[in-house]
Amino acid sequence: MNEYIIKYHGILNLEGYDVELLNESYAIVTTDAAGIEQLYHHIQIEYVEPAKKLFLSRLDSMGYSCINSVKSKSGMGLNGRGVAIGVIDSGIDVTHPDFLNPDGKTRVAYFWDMEGIGTPPAGFLFGAEYDAQQIDSGAIQNGDTVGHGTAVSGIAAGNMGIASGASIIVVKLNLREVRSTDIMRGIKYVIDRAQSMEMPCAINLSFGTNDGSHTGDSLFETYISDMARRWKSVIVCAAGNEGYSGHHFEGKLSPAEELNVDFATAAHISRMYLSLWKNFADRVSYELIGPSGRSSGRLTEVMGRLDTVLDGVRVRLIYGQPNHYSDRQEVYLQFEAINGPIPNGIWTLRCHGEDIVEGTFNVWLPNIGAVTERTAFLEPSVYLTMTIPSTSDNVISVGGYRGSTGTISAFSGRGNHFEGCKAQLDIVAPAENIFTAKAGGGYDAFTGTSMAAPFVTGSAALMMEWGIVRGNDIFLYGERIKAFLCRNAVRKENVKYPNPLWGYGALNLCETMEDLIYLMRR
């Protein structure tokens, strides 16, 4: 017996058939091959379509990355058991079946709610920490009101996800203001807890910012790079969704040249910034022109700082100086509306080359989440649109692609297009319409590099189970994980790698594991 979808009109009278009326125009009919022939002769029936098989897009996505065969019992039978996965995000729905053991007990070993009222983790000053026993007793009533962390966790470590046997450590951020310091606290917390459990850990970070030089040398980035060397850990960072945002400008000044950086502002934004980074040896003066045409006048470095009001917006321009971790110079512009939002219109930052040695400079606007894509440069660069901290050394930076077509996702953050420069993308993974756990129950499709990163996080956990937990390669963590993933990524013909869009290619866990096993046997 087969099922058929029926489009009909009027009153459907089909005696002798199993009929399920969906509404006044659609029904499902179950019948055999002989019965279907009779359906075509009913005057009420407009069209008949055989039922089609659908598959979870997440499972397809794991197929694109060759994860299913590594997980299967006929393959290697890996599920991440003995490994901890840390998710620093919006929390997790601890009641969702995707995060429960067969006996109904939680797979979440520790949960730190940074907004919670209670006992904070040892060494920290705020929030509430819960262990598995407290979670099972119902101490957490609402583990994720947004759903982002639940979706990420479902891909990396859910029962229907990649590392379905891993222990989960969750840090729930304060989403009203996600700060770099909280990400740093979260990393320390996860690694400390994993070490106390004597488990290697893979940490997933799906948050990012444009506020910085994107060269990996801020304290935020260098801290993360340092922590990636601690314990037996891997830190995976989403490259962000700024690829098509228009939030990066790349320019080059010649001596005595004037160069305009034009950008549009959208409605309903009351605060924003421009972060410009240049060679400290270049001497440049700046002039800001508002939508009305009014100018701030030229500001030179000798003047130090500009505070002015243009078109109802208070603007502060500050020349920074090199410091002990960077020889670049930041010129920072902060915009704050006095009453209401920043007006719609075109602003111009006019750059005057006074004494130019190198001349190149980069400017970033805030992320889409802060100002939307309607606030953008008029002539943007799509390169170096990876968000911080995916620009850190010693992390695995992950972009996204559409598995069904094998094409890069338009939104995926991209690396630098100059050879030998920092901020290169490492690898890409499926990022569009990924079916995963939904906060509140059930499953839904999610899109973004936030969904690509946990594919790599979960894959790293399987690798560490094989290497460290099973004793095949006790040093399989950190940069060694990244090296094998990049070496065995799927690469296209006629594309030069590493590539700002693709990194070293698309995640392929089968080839990675086969390479590891081959080298182990040599």
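The structure displayed is predicted, hence computed values, not measured ones.
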In chain order, what residues pass the salt bridge (charged side-chain N to carboxylate O under 4.0 Å, His left out) check against [X], with sequence neighbours excluded?
X: K188; result: D192
X: R179; result: D182
X: R298; result: E354

Correct closest heavy-atom pair for A84 and I169 would be CB-CD1, 4.0 Å
Could you walk me through whether S275 and E330 satisfy the side-chain hydrogen bond (donor to acceptor under 3.5 Å, both in side chains) test, starting with their C-alpha distance in whole Å, then the side-chain angles of each, then the deciding distance to 0.1 Å, before giving a yes or no?
CA-CA 7 Å; S275 178; E330 181 181 24; 2.7 Å; yes
With rounding to the nearest 0.5 Å, note down the distance linking CE in M184 to CG in D226.
10.0 Å
Take Y443 and D98 through the test side-chain hydrogen bond (donor to acceptor under 3.5 Å, both in side chains) and record every step on the way to the result.
CA-CA 10 Å; Y443 298 82; D98 226 27; 3.2 Å; yes
Close side-chain approach of [X] and [Y], heavy atoms under 4.5 Å:
X: L349; Y: F249; value: no
X: Q334; Y: R271; value: yes
X: I396; Y: I481; value: yes
X: I140; Y: D113; value: no
X: P322; Y: F280; value: yes

Tell me whether the count of non-hydrogen atoms from other residues, nucleotides or ligands lying under 6.0 Å of CZ in F484 goes above 12.
yes
Would you say R491 has more than 12 foreign heavy atoms packed within less than 6.0 Å of its CZ?
yes
If the threshold is 4.0 Å, N to carboxylate O, is there a salt bridge linking E257 and K252?
no
Is a donor from one side chain sitting under 3.5 angstrom from an acceptor on the other, for D311 and S292?
yes
Just jot down the side chain to side chain donor-acceptor pair (under 3.5 Å) partners of [X], sequence neighbours excluded, or say none.
X: E258; result: H352
X: T181; result: none
X: D144; result: S90, T150

Could you walk me through whether S450 and H148 pass the side-chain hydrogen bond (donor to acceptor under 3.5 Å, both in side chains) test, one step at a time?
CA-CA 9 Å; S450 292; H148 190 274; 3.1 Å; yes
Exactly one of I85, I191, V83 clears side chain to side chain contact (heavy atoms under 4.5 Å, CB included) with C201, and that residue is I191
Between H248 and W364, is the gap from one ring center to the other below 6.0 Å?
yes
